[in-house]
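Take a look at the structure set out below.
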Amino acid sequence: MATITVIDEKTIKIAVQLEDALTMLEEAENHLELYADEILMIAKKMPEFQYTYFCFYAYDTATLFEKMLEMDPKQYLSFSLDAPDSFFYTLYGGMKGLSGAARLCRALTPE
């Protein structure tokens, strides 16, 4: 489970582990239609970060991240994320694995 440390009224520090990536993947798989765009964007953009970092807010892909945190980090002016490489590798691999189903889901969902 993610650990959120409030530094002050404007700053938090978030620490996640491998299990948090698994939680995100399970949520994404269980609600594919809701997260299809996020799945595809994460699978597409993570290689640009050498698979060991990702800015969820740069690509409007934070809904799943916030669901895992059970809070909205945007309530603070600053936050940092401390995560082992295994978190990012697992997240990328899982998103890449779900990307085919996400593409199909997106194609079948009327806009």
Side-chain angles (χ1 to χ4, degrees):
M1 182 170 166
T3 303
I4 300 165
T5 305
V6 177
I7 306 301
D8 58 39
E9 67 277 351
K10 297 178 185 178
T11 309
I12 59 172
K13 182 175 182 177
I14 301 167
V16 295
Q17 298 298 321
L18 170 64
E19 294 78 17
D20 298 304
L22 296 173
T23 298
M24 289 176 71
L25 292 169
E26 183 177 2
E27 176 70 13
E29 183 177 34
N30 289 338
H31 302 283
L32 198 57
E33 67 289 344
L34 179 62
Y35 298 113
D37 290 335
E38 288 189 50
I39 292 166
L40 294 170
M41 187 60 71
I42 291 170
K44 177 182 177 183
K45 294 294 186 177
M46 245 181 133
E48 295 175 19
F49 295 91
Q50 288 73 50
Y51 309 97
T52 57
Y53 176 76
F54 188 75
C55 183
F56 294 97
Y57 291 99
Y59 303 104
D60 195 25
T61 55
T63 305
L64 183 57
F65 178 63
E66 291 172 358
K67 173 77 173 173
M68 182 264 308
L69 293 177
E70 299 178 345
M71 60 91 65
D72 180 4
K74 295 185 308 288
Q75 296 175 1
Y76 296 86
L77 295 177
S78 174
F79 70 88
S80 61
L81 178 64
D82 182 25
D85 289 351
S86 62
F87 170 86
F88 293 107
Y89 290 140
T90 300
L91 185 64
Y92 172 74
M95 293 300 177
K96 192 67 173 171
L98 291 172
S99 63
R103 269 192 299 284
L104 182 59
C105 183
R106 194 165 72 178
L108 296 174
T109 304
E111 292 187 31

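Interatomic distance, CG of Leu81 versus CG of Asp20, reported as 9.5 Å (0.5 Å rounding). To the nearest 0.5 Å, atom NZ of residue Lys13 and atom CZ of residue Phe79 are 13.5 Å apart.
Listed by first then second residue, pairs satisfying side chain to side chain donor-acceptor pair (under 3.5 Å) with a partner in residues 38-50 read Glu38-Thr63, not counting sequence neighbours. Applying the salt bridge (charged side-chain N to carboxylate O under 4.0 Å, His left out) rule to pairs touching residues 69-86 yields Glu66-Lys74, Asp72-Lys74, sequence neighbours excluded.
Note on Ile42 and Leu40: separate hydrophobic clusters, where clusters join Ile, Leu, Val, Met, Phe, Trp and Tyr whose side-chain heavy atoms are under 4.5 Å apart, directly or indirectly.
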Show every donor-acceptor pair shorter than 3.5 Å between a side-chain atom in residues 21-36 and any protein atom, with sequence neighbours excluded, or say none if there are none.
from, atom 1, to, atom 2, distance (Å)
Thr23, OG1, Glu19, O, 3.0
Glu27, OE2, Tyr35, OH, 3.2
Asn30, ND2, Glu26, O, 3.2

Show me, pair by pair, the donor-acceptor contacts under 3.5 angstrom made by side chains of residues 92-104, not counting sequence neighbours?
from, atom 1, to, atom 2, distance (Å)
Ser99, OG, Lys96, O, 2.7

Do any side-chain atoms of residues 1-12 form donor-acceptor pairs under 3.5 angstrom with protein atoms, and if so which ones, sequence neighbours left out?
from, atom 1, to, atom 2, distance (Å)
Asp8, OD1, Lys10, N, 2.8
Asp8, OD1, Thr11, N, 2.9
Asp8, OD1, Thr11, OG1, 3.2

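Partners of Asp37 under the salt bridge (charged side-chain N to carboxylate O under 4.0 Å, His left out) rule, at least two apart in sequence or in another chain, are Arg106. In this structure Phe88 satisfies the ring-ring contact (aromatic ring centres under 6.0 Å, His included) test with no other residue, sequence neighbours excluded.
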